[in-house]
Amino acid sequence: MKTATTDSPWAPLAARVFRALWIAQLVSNIGTWMQTVGAQWLLVGDSAALMTLVQTAASLPVVLLALPSGVIADRFDRRTVLVTAQFAMLAVSGVLAVLAFLDALSPTVLLLLTFLLGCGTALMGPAWQAIQPELVERERLGQAAALGAVNMNLARAVGPALGGAVVAAAGAGWVFAFNAASYLGIAAVLLLWRRPAAATTPPATNEGLLAALYAGRRYVWNAPGIRRVLLRTLLFIPGGAALWALLPLTASRSLGLGSGGYGLLLAAVGVGAVGGAFLLPRAHRLLGANGTLAVGALMFAGVLAVLATVHTPWLVALALLPAGLAWIAVLSTLNAAVQTRLPGWVRARGLSVYLLVFQGGQALAAPLWGTVADWLGLSSCLLIAAATMLLSAASVRRWPLRDAEGINPSPSDHWPAPPLVFAPGEADGPTGPVLVSVVYRVEAEHWAEFTDRMHRVARSRRRTGALSWGLYQDGHVPERFVENYLVSSWAEHLDQHHVRLTATDRRFEEEARALLTPGSAPEVTHAFDTSAGPPVRPSSPATGIEDGQVRSPRIRG
């Protein structure tokens with residue numbers, strides 16, 4: 001039974017490194033929000049479409065770089081990636097501050113430098129998410145995700161108000177300068193982190209960079225639980241992006257506020273999110289993950305409707321409080337769902353796809369909302385966004401999140417090493433596709449159930465490397481079933497053996513093999529493509545294979 005301390009939303013802060021990084025990230029996020037206010041306010045006098053491009057410039061790099069960044073985070077030391085990103089963003093923010101002080105910051109240069117900062121965020125995102133399981137226990141990943149959202153929204157409660165005050169009092173250059181300095185805290189904590197030696201070495205793998213990119217895409221495509229999280233994200237983010245894209249216009253045009261008033265409106269969202277962190281564990285217990293998603297979308301729709309119809313600043317500020325609560329509830333639920341479903345070997349790549357959908361949805365939706373606001377007016381635009389949120393809430397019943405209770409992404413190196421008579425990849429040997437065949441014997445009363453269970457095995461094969469898969473029943477011996485799957489190379493098949501399989505994959509295999517004829521065992525063979533060269537001629541007479549003949553040995557187990 002969990003203790004009250006374990007149930008507390010603040011439990012992950014007991015971990016020293018997580019706590020230090022959380023505090024450093026808070027300072028950095030405050031700087032980011034101060035910079036966002038400064039950048040948006042410099043463009044607020046222009047068209048709505050141009051002003052909303054600030055959000056697009058910050059989010060678009062994720063669309064372009066999220067997947068390569070995921071590969072980098074899975075293939076290289078994640079701490080090194082994070083430190084590099086911090087210093088790169090420090091340099092770009094420093095240039096932004098200098099140009100602002102010199103009054104040489106045109107809209108084009110501002111958007112370009114904002115885009116470069118977004119590139120640093122894109123490089124950092126997958127690695128930052130992927131190190132979370134190193135900092136807290138798996139059962140606390142949901143609380144850690146919520147604290148990450150609290151961090152961002154607490155910064156939103158402080159940063160915009162502080163940024164608006166600084167812009168009004170001293171100009172945008174000072175908010176850009178503070179943002180530059182804020183990256184030093186995260187870099188210092190990462191450099192001082194005494195990370196276990198095993199964690200600094202990425203998993204041994206034989207895949208190249210392009211193959212790694214394809215492997216991440218293939219894993220997500222063949223993981224129904226991950227795909228459902230991405231769908232739920234895609235259904236929520238466009239409507240949510242309307243709030244962030246159009247709030248500056250609401251503040252200036254609808255409410256007649258200045259930069260300080262705009263900062264206070266953003267602060268109201270942040271206060272609501274921080275308060276939501278206290279309510280989130282209870283909400284999850286009462287509503288479950290899917291109920292939280294539906295209620296969060298309904299609350300957000302109500303807030304957008306208030307922004308469209310109410311023109312009293314203090315009423316709008318009060319309405320923004322539940323917007324923060326709904327935002328943190330939905331995003332922490334989705335983030336935790338991704339974290340708990342991904343194995344370590346592909347975690348950063350899977351998270352990069354999630355970030356691609358999340359940030360890409362905002363990057364594409366923001367200029368769309370700005371254009372609609374220019375055409376139809378701000379109020380009509382906000383009401384349309386509210387309608388999309390109502391559709392998101394209604395769709396939860398049709399496309400709910402899948403239950404993650406039975407998923408265990410822990411690695412499982414349970415396949416025996418294949419005793420081949422030659423080493424693939426030698427100068428005279430094949431290196432191309434490998435056809436893996438597994439023969440099963442199943443009694444007639446179990447045929448239907450066996451084939452049904454093998455479909456889950458099929459997804460496991462495809463997630464971990466299979467290009468194609470098929471299950472065949474022998475027409476001469478009906479109790480004999482043959483599973484065939486093709487892997488692009490022997491190196492990738494070895495990754496299946498030693499890196500990619502999880503405890504869940506093993507369970508799927510065991511559940512299917514429990515239906516085999518008593519006393520029988522699967523018979524595994526490996527066959528290599530010889531179209532690129534002649535068959536291998538084994539030199540050892542002990543193999544018992546005639547000269548010029550190629551045969552893969554059978555493996556039992």
Side-chain angles (χ1 to χ4, degrees), residues 9 33 142 145-161 232-233 235-251 254-255 257 261-336 358 362 365 369 378-379 381-396:
W33 277 108
L147 281 174
V150 167
N151 193 301
M152 176 61 74
N153 285 282
L154 186 59
R156 184 183 283 120
V158 176
R232 295 268 24 117
T233 305
L235 291 170
F236 178 80
I237 287 302
L243 177 68
W244 313 119
L246 300 176
L247 192 58
L249 296 177
T250 302
S254 178
L255 302 177
L257 301 176
Y262 168 54
L264 290 175
L265 292 181
L266 282 175
V269 182
V271 170
V274 174
F278 291 95
L279 300 175
L280 192 56
R282 180 176 298 179
H284 277 159
R285 285 194 297 270
L286 293 176
L287 303 173
N290 291 302
T292 300
L293 295 179
V295 172
L298 287 173
M299 292 174 63
F300 221 90
V303 171
L304 290 171
V306 169
L307 292 182
T309 56
V310 175
H311 305 291
T312 304
W314 69 269
L315 288 177
V316 171
L318 286 178
L320 288 172
L321 294 173
L325 191 157
W327 185 260
I328 190 176
V330 171
L331 294 191
S332 62
T333 299
L334 295 173
N335 187 280
F358 173 64
Q362 294 190 80
W369 292 126
L378 182 59
S379 294
C381 182
L382 288 166
L383 289 174
I384 293 172
T388 66
M389 277 301 196
L390 291 177
L391 292 176
S392 175
S395 69
V396 171

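Atom set for the values below is all heavy atoms of this structure, side chains included, hydrogens, waters and symmetry mates excluded. In this chain, residues are counted from 1 in sequence order.
- Residues Ala319 and Val303 come closest through the heavy atom pair O-CG2, 3.2 Å.
- Residues Val269 and Trp244 form a side-chain contact, since some pair of their non-hydrogen atoms from C-beta on lies under 4.5 Å apart.
- Classified by interplanar angle (parallel below 30°, tilted 30° to 60°, perpendicular above 60°), the ring pair Phe300/Phe236 is perpendicular.
- The shortest non-hydrogen separation linking Ala242 to Ala385 is CB-CB, 3.5 Å.
- Interatomic distance, Leu383 CG to Thr309 OG1, rounded to the nearest 0.5 Å: 7.0 Å.
- Thr292 and Ala283 make their closest contact through OG1-O, 3.9 Å (heavy atoms, listed as atom of the first residue, atom of the second, distance).
- Considering all non-hydrogen atoms of both residues, Met299 and Ala326 come closest at CB-CB, 4.0 Å.
- The CZ atom of Phe358 sits 9.0 Å away from atom CG of Leu334, with the distance rounded to the nearest 0.5 Å.
- Side-chain contact between Leu331 and Ile237 is present, with at least one heavy-atom pair separated by less than 4.5 Å.
- Nearest heavy-atom pair, Gly239 versus Met389, reported as atom, atom and distance to 0.1 Å: C-CE, 3.7 Å.
- Considering only heavy atoms from C-beta on, Thr250 stays 4.5 Å or farther from Leu265 through its side chain.
- Within the 4.5 Å cutoff, the side chain of Leu246 has no heavy atoms near those of the Leu307 side chain.
- Just one of Leu235, Leu287, Val396, Thr233 meets the side chain to side chain contact (heavy atoms under 4.5 Å, CB included) condition when paired with Leu293; it is Val396.
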The test is side chain to side chain contact (heavy atoms under 4.5 Å, CB included); show your working for Leu304 and Thr388 and say whether it passes.
CA-CA 10 Å; Leu304 290 171; Thr388 66; 5.8 Å; no
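- With rounding to the nearest 0.5 Å, the separation of CG in Leu264 from CG in Leu320 is 11.0 Å.
- A pairwise comparison of heavy atoms in Ala297 and Val330 identifies N-CG2, 4.4 Å as the closest pair.
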